Amino acid sequence: MNSVTNDKVIQLSHGGGGKEMNRLIKDIFFNAFDNAILRKEEDAAVLHFDGNVAFTTDSFTVAPIFFAGGDIGKLAVAGTVNDLAMMGAEPQFLSCSVIIEEGFEITKLKTIVASMATELKKSNTRIVCGDTKVVPKGCVDGLFINTSGVGQIIKPDISVKNLEAGDCIIVSRDIGRHGAAILMAREGLTLESELTSDCANLWPIVEQLIAANVEVHAMRDATRGGMSAVLNEWAKASNVCIEVKEEAVPVSDEVKGLCELYGFEPFDLANEGTFIVAVPADNAEKALNVMQQFCHCQTASIIGQVTEQQNNQGKVILQTPWGSARYLDVPQGELLPRIC
């Protein structure tokens, strides 16, 4: 049987269920994601759990597929792993379904799958089942990926409804990098900048917080809608007021520059490796110290707290550097389509 490496681009026959499809799956996907469960080639993976599990699913259609700091493959694995991690669940098993456009280059597909394999290792997670579809040219923009994930809950009772007055709000790193990186790639900007997406696997950091026995009331990765969306969701779900100090929110100079150029707010821009956590005040410094020691969280910062303002329950208030205050609303309109 010929290897798929002899093919240059994806053809409709690669999705037809015959020899070509078998070569594609075995030579690329099975080769990269090899594990005992996947190797059984059953219609469904048989998994074993003890205790409560978290389950999530997400689809990825980012444009462009390759961007500074990652690609759609890295994004698919990290994004799904992060959703599990934000619930205090150890990511264990993922599914992977891909929809590929006829004519997509085999070399690009291999690069994307290799990125996924690399990202899986960072959380010791396995892809145990999947599906491949090939559609005629023009029906899909290159490649779409859907990943679902399950993980065992290690730290229970983390919820958007658990915020309490006095809780400190911590952001893990500088915000808005993914949205800004996608904007640069899409618009072909050639600014003198080393800006890259923050796309990253968050489980290693969350695992350290759990190991340090930090009390966590809520966690959320700030993806679409950015920090603004997360804080507003929390305020409404817990019926509390959240006050944020604008000066305390870490934003890189590159992101600030792009926001000034396009009229965006960094609080609204997407992230793919930045999370926000709400902890009791007496756990805040402990959480901050743990976060600043690991991976890319050196700029982790306490940005605000939950307050008892009865007139502003369900609202987020931004305290500006000039002594004034304004509501930080949920983003409106389409800022950056297809950032994930």
Side-chain angles (χ1 to χ4, degrees), residues 25-26 29-60 73-98 113 115-132 145-162 172 199-223 230 233-234 237 272-273 275-279 287 290-291 294-295 340:
I25 293 172
K26 292 291 180 62
F29 295 105
F30 271 51
N31 186 46
F33 304 148
D34 183 52
N35 62 75
I37 299 175
L38 187 64
R39 211 176 300 131
K40 290 182 179 179
E41 299 185 53
E42 302 287 3
D43 275 350
V46 178
L47 310 177
H48 300 280
F49 291 99
D50 182 16
N52 291 335
V53 301
F55 175 48
T56 189
T57 188
D58 207 345
S59 297
F60 298 86
K74 178 181 181 180
L75 188 62
V77 172
T80 302
V81 164
N82 292 349
D83 285 346
L84 294 171
M86 294 300 100
M87 292 301 295
E90 179 183 8
Q92 293 176 304
F93 305 109
L94 265 61
S95 70
C96 173
S97 294
V98 294
V113 172
S115 292
M116 297 178 75
T118 298
E119 206 63 25
L120 288 166
K121 293 176 182 177
K122 295 177 183 177
S123 54
N124 195 30
T125 309
R126 290 175 286 176
I127 288 177
V128 295
C129 59
D131 182 55
T132 303
I145 300 177
N146 172 273
T147 43
S148 296
V150 291
Q152 185 171 1
I153 294 179
I154 306 299
K155 193 172 186 66
D157 302 322
I158 296 174
S159 171
V160 297
K161 298 182 178 180
N162 284 351
S172 66
C199 182
N201 189 316
L202 293 174
W203 172 245
I205 307 162
V206 172
E207 187 177 29
Q208 293 298 328
L209 288 172
I210 294 173
N213 202 30
V214 174
E215 184 179 350
V216 177
H217 285 170
M219 276 193 298
R220 181 68 63 87
D221 53 334
T223 54
V230 170
E233 288 169 7
W234 284 0
E272 287 293 346
F275 70 104
I276 302 171
V277 57
V279 300
V290 170
M291 293 166 71
F294 293 97
C295 299
C340 63

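Quick note: residue numbers are just sequence positions, from 1. Model, not experiment: these values are computed from the prediction.
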Novice: Please report the shortest heavy-atom distance between Trp203 and Pro91, naming the atom on each side.
Specialist: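 Smallest interatomic distance, heavy atoms only, reads CD2-CD, 3.5 Å.
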
Novice: Whether the side chain of Asn82 engages the backbone of Ala200 through a donor-acceptor N/O pair (distance < 3.5 Å, no angle test) should be reported.
Specialist: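 Checked: pair present.
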
Novice: For Val113 and Ala32, which heavy atoms make the closest approach, and how far apart are they?
Specialist: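 Where Val113 meets Ala32 most closely, the heavy atoms are CG1-CB, 3.2 Å.
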
Novice: Work out which heavy atom in Gly151 is nearest to a heavy atom in Ala89; give both atom names and the distance.
Specialist: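 In this case the closest contact between Gly151 and Ala89 is O-CB, 3.9 Å.
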
Novice: Output, in order, the C-alpha distance, side-chain angles, deciding distance and verdict of side-chain contact (heavy atoms from CB on, under 4.5 Å) for Leu209 and Met291.
Specialist: CA-CA 7 Å; Leu209 288 172; Met291 293 166 71; 3.9 Å; yes

Novice: Walk me through it: do Glu272 and Thr223 pass the test side-chain contact (heavy atoms from CB on, under 4.5 Å)?
Specialist: CA-CA 6 Å; Glu272 287 293 346; Thr223 54; 3.7 Å; yes

Novice: Roughly how far apart are Phe93 CZ and Gln152 CD, rounded to 0.5 Å?
Specialist: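 It comes to 10.0 Å.
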
Novice: Can you name the closest pair of heavy atoms from Val206 and Met219 and give their distance?
Specialist: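 Taking Val206 first and Met219 second, the nearest heavy atoms are CG1-CE, 3.8 Å.
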
Novice: Is a donor on one side and an acceptor on the other found under 3.5 Å between the side chain of Lys155 and the backbone of Val214?
Specialist: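 Pair found, side chain donor or acceptor close to backbone of Val214.
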
Novice: Given Leu202 and Met86, is the side-chain contact (heavy atoms from CB on, under 4.5 Å) satisfied, shown in steps?
Specialist: CA-CA 9 Å; Leu202 293 174; Met86 294 300 100; 4.0 Å; yes

Novice: For residues Met87 and Ile153, report the shortest heavy-atom separation together with the two atoms involved.
Specialist: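 Closest approach of Met87 to Ile153, heavy atoms only: O-CG2, 4.2 Å.
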
Novice: So, do Phe275 and Ile205 sit near enough that their side-chain heavy atoms are less than 4.5 Å apart?
Specialist: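 Phe275 reaches Ile205 side chain to side chain.
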
Novice: Could you state the interatomic distance from CE (Met116) to OG1 (Thr125), rounded to the nearest 0.5 Å?
Specialist: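 Result: 11.5 Å between the selected atoms.
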
Novice: Find the distance between CG (Asp34) and NZ (Lys26) and round it off to the nearest 0.5 Å.
Specialist: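 Answer for the CG-NZ pair, Asp34 versus Lys26, is 11.0 Å.
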
Novice: Please say which of Ser95, Ser59, Ser97 ends up in a side chain to side chain donor-acceptor pair (under 3.5 Å) with Asn146.
Specialist: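 With Asn146 as partner, side chain to side chain donor-acceptor pair (under 3.5 Å) holds for just one option, Ser59.
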
Novice: Nearest 0.5 Å please: distance from the OG atom of Ser148 over to the CG atom of Leu94.
Specialist: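 Here the interatomic distance stands at 8.0 Å.
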
Novice: For the CD1 atom of Ile154 and the CG atom of Leu84, what is their distance to the nearest 0.5 Å?
Specialist: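 Reported value, rounded in 0.5 Å steps: 11.5 Å.
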
Novice: Please tell me if the side chains of Val277 and Ser172 come closer than 4.5 Å, counting only heavy atoms from C-beta onward.
Specialist: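 Val277 does not reach Ser172 side chain to side chain.
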
Novice: What distance do Leu120 atom CG and Phe33 atom CZ have between them, rounded to the nearest 0.5 Å?
Specialist: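 Going from CG on Leu120 over to CZ on Phe33, the span is 6.0 Å.
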
Novice: Look at the side chain of Asn162 and the backbone N and O of Asp157, then say whether any donor-acceptor pair between them is shorter than 3.5 Å.
Specialist: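 At least one qualifying donor-acceptor pair exists.
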
Novice: Specify the closest pair of heavy atoms between Asn35 and Ile127, including all atoms of both residues, with the distance to one decimal.
Specialist: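 Heavy-atom minimum between the residues: ND2-O, 2.8 Å.
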
